[in-house]
Novice: 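Have a look at the structure that comes next, please.
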2 protein chains.
Amino acid sequence: MNTDEVDRLVAAWRQERPDLDVEPLQVLSRVSRLARHLDRARRAAFAQHGLEPWEFDVLTALRRAGKPYELSPGALLRATLVTSGTMTNRIDRLAQAGLVRRRPDPEDRRGVLVSLTAAGLDRVDAAFEDLLRRERELLAGLGPQEQRTLAGLLRTLLAPFDK
Amino acid sequence: MNTDEVDRLVAAWRQERPDLDVEPLQVLSRVSRLARHLDRARRAAFAQHGLEPWEFDVLTALRRAGKPYELSPGALLRATLVTSGTMTNRIDRLAQAGLVRRRPDPEDRRGVLVSLTAAGLDRVDAAFEDLLRRERELLAGLGPQEQRTLAGLLRTLLAPFDK
DNA sequence: GTCTACTGTCTTGACGTCGAGATATCTTTC
DNA sequence: GAAAGATATCTCGACGTCAAGACAGTAGAC
């Protein structure tokens, strides 16, 4: 079993605070670190398609909604976990870039509906394929059974958050 | 096996892009989500001690260094993966808050050494204990053996990044 | 010793996010 | 049908980060 950065981190803490049980770090520090590396991989994948991660997040939410690829800003901010001010700003820039379109909601005059343009659909589909390619490489160190085990353990940890 | 948010995400993608193998999302989307929840838990733990996550990151790096809890800004930015401009700003504010101290490096006139004050040491120790408490709760759904399995699988995924 | 390349830290300007609040509209209750 | 509260979106100012570059000091080659 090779030692990695987190093993060194844990060893340093044991040295400095031998009174504490730092085992939780073995799992959770690795989760944080892996997430950071994953962010980089995502950024790289999207850059090839001229997209920023935040752009992908929004386009992807629309893409997953299925035809006609249209959601309200409210639905988008719930899907992407950002605040409303941020979402307004994002939609502005995506519309500027020609990737989404805004139109008034015919059923609610307070509301707006945001939809993918043809260009937005093409971009997000291409970027998503690239992302999956890179994610597969990232997971190449694990066999199919190990991946399922890992997914299962992570699901257990996430369960309390899905209320 | 209960279905969670990620299962729904994967199901939506299978519906929309049945031509793609989206299995990687089962692992990696969960890693990202768990990291987000972990960030919140950290934020909450630190807030009780009047610390922001970024403050904790810096103080912690100094704490782990052991007596005399002193590192250069360069060492700190490598430990925390931020840019030098960011680190300058962080040290400024931590010094302002009385949690760290800056002094010229006696061996290198370009250099500076940053060390924990007594107040900084107390704060970071208390916050760290709180963090571990919360992390343990987060992991409560898994038994000790499962946690070790999970840590091992994550270590395998991280190995390629530790150069 | 001097030139050149490197290192360590700080400065600056642009950017994206957040949080609070403003505005308009819808819904519920009486 | 009017008032009160809820909801949807947008506006604005503050903040922390980054990237690029400025500046001072060090180290190696000759």
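Naming convention: chains lettered A, B, ... in sequence-line order (proteins, then strands); numbering from 1 in each chain. What you are looking at is a predicted structure, and each value in this text was computed from that prediction instead of being measured. All values below were derived from every heavy atom in this structure, side-chain atoms included, with hydrogens, water molecules and symmetry-related copies excluded.
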Novice: Base of C:dC18, side chain of A:Thr86 - is there a donor-acceptor contact under 3.5 Å?
Specialist: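 Between C:dC18 and A:Thr86, which were checked side chain against base, a qualifying N/O pair under 3.5 Å is absent.
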Novice: Any side-chain N or O of B:Arg93 less than 4.0 Å from the OP1 or OP2 oxygen of D:dG16?
Specialist: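 Checking B:Arg93 against D:dG16: at least one side-chain N or O falls below 4.0 Å of OP1 or OP2.
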Novice: Quick check on salt bridge (charged side-chain N to carboxylate O under 4.0 Å, His left out): which of A:Arg42, A:Arg63, A:Arg64, A:Arg43 does A:Asp57 satisfy it with?
Specialist: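 Only match with A:Asp57 under salt bridge (charged side-chain N to carboxylate O under 4.0 Å, His left out): A:Arg42.
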Novice: Please give, in whole Å, the distance from C:dG16 P to A:Leu77 CG?
Specialist: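 Going from A:Leu77 (CG) to C:dG16 (P), I get 18 Å.
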Novice: Using a strict threshold of under 4.0 Å (side-chain N to carboxylate O), is an ion pair present between B:Arg133 and A:Asp21?
Specialist: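 A salt bridge is absent here (no side-chain N lies under 4.0 Å from a carboxylate O).
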Novice: State which of D:dT9, C:dC10, D:dC18 makes the closest approach to the side chain of B:Pro73.
Specialist: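 Looking only at side-chain atoms, B:Pro73 lies closest to C:dC10.
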Novice: According to a hydrophobic-cluster definition based on side-chain heavy atoms being under 4.5 Å apart (Ile, Leu, Val, Met, Phe, Trp, Tyr only), do B:Leu113 and B:Val100 belong together?
Specialist: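 Hydrophobic grouping puts B:Leu113 apart from B:Val100.
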Novice: Within the structure shown, what part of the strands sits under 4.0 Å from B:Asp108 by heavy-atom distance: base, sugar-phosphate, or nothing?
Specialist: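 Sugar-phosphate only.
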Novice: When you get a sec, tell me which of C:dC10, C:dG8, D:dT11 is the closest nucleotide to the side chain of B:Arg78?
Specialist: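 Nearest to the side-chain atoms of B:Arg78, counting from C-beta on, is C:dG8.
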Novice: Select one nucleotide: of D:dG25, C:dT9, C:dC26, the one nearest the side-chain heavy atoms of B:Arg110.
Specialist: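 Nearest to the side-chain atoms of B:Arg110, counting from C-beta on, is D:dG25.
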Novice: How many whole angstroms separate atom CD of A:Glu107 from atom P of D:dA8?
Specialist: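 In whole Å, D:dA8 P lies 14 Å from A:Glu107 CD.
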Novice: Using whole Å, report how far CD of B:Glu52 lies from P of D:dT17.
Specialist: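 The distance from CD of B:Glu52 to P of D:dT17 comes to 10 Å, rounded to the nearest Å.
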Novice: Measuring from atom CG of A:Leu76 to atom OG1 of A:Thr60, what distance do you get when rounded to the nearest 0.5 angstrom?
Specialist: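 Output value for this atom pair is 11.0 Å.
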Novice: When we call it a touch if two heavy atoms are under 4.0 Å apart, what does A:Gly85 touch: a base, just sugar-phosphate, or nothing?
Specialist: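 Touches a base.
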Novice: Find the distance B:Gln96:CD to D:dC15:P and express it as a whole number of Å.
Specialist: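 After rounding, the reported distance stands at 13 Å.
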Novice: Measure from CG on A:Leu76 to P on D:dT7 and round the result to the nearest Å.
Specialist: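 From A:Leu76 CG to D:dT7 P: 19 Å.
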Novice: If every non-hydrogen atom of B:Gly50 is compared with every non-hydrogen atom of B:Glu55, which pair is closest and at what distance?
Specialist: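 Between these two residues, the closest heavy atoms are O-OE1, 3.9 Å.
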Novice: D:dT17, C:dA20, D:dA20: which one has an atom nearest the side-chain heavy atoms of B:Trp54?
Specialist: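 Looking only at side-chain atoms, B:Trp54 lies closest to D:dT17.
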Novice: Roughly how many Å is it from CE in A:Met87 to P in D:dT11, rounded to a whole number?
Specialist: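 Distance check: A:Met87 CE to D:dT11 P gives 15 Å.
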Novice: Can you tell me if the side-chain N/O atoms of A:Arg102 get under 4.0 Å from OP1 or OP2 in D:dC10?
Specialist: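 A:Arg102 to D:dC10 OP1/OP2: side-chain N or O found under 4.0 Å.
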Novice: Within less than 4.0 Å of OP1 or OP2 of C:dC26, is there a side-chain N or O belonging to A:Arg109?
Specialist: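 Looking at the OP1 and OP2 atoms of C:dC26, one of them is under 4.0 Å from a side-chain N or O of A:Arg109.
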Novice: Pick the closest DNA chain D nucleotide for A:Gly111 and for A:Asn89 by heavy atoms, then say which residue is nearer the 5' end.
Specialist: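 Mapping each residue to its closest nucleotide by heavy atoms, the 5'-most match is A:Gly111.
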Novice: In whole Å, what is the span from the CG atom of B:Leu113 to the P atom of C:dC10?
Specialist: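 Distance, rounded to whole Å: 11 Å.
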Novice: Nearest-Å distance, CZ (B:Arg90) to P (D:dG16)?
Specialist: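 Checked: the CZ to P distance equals 10 Å.
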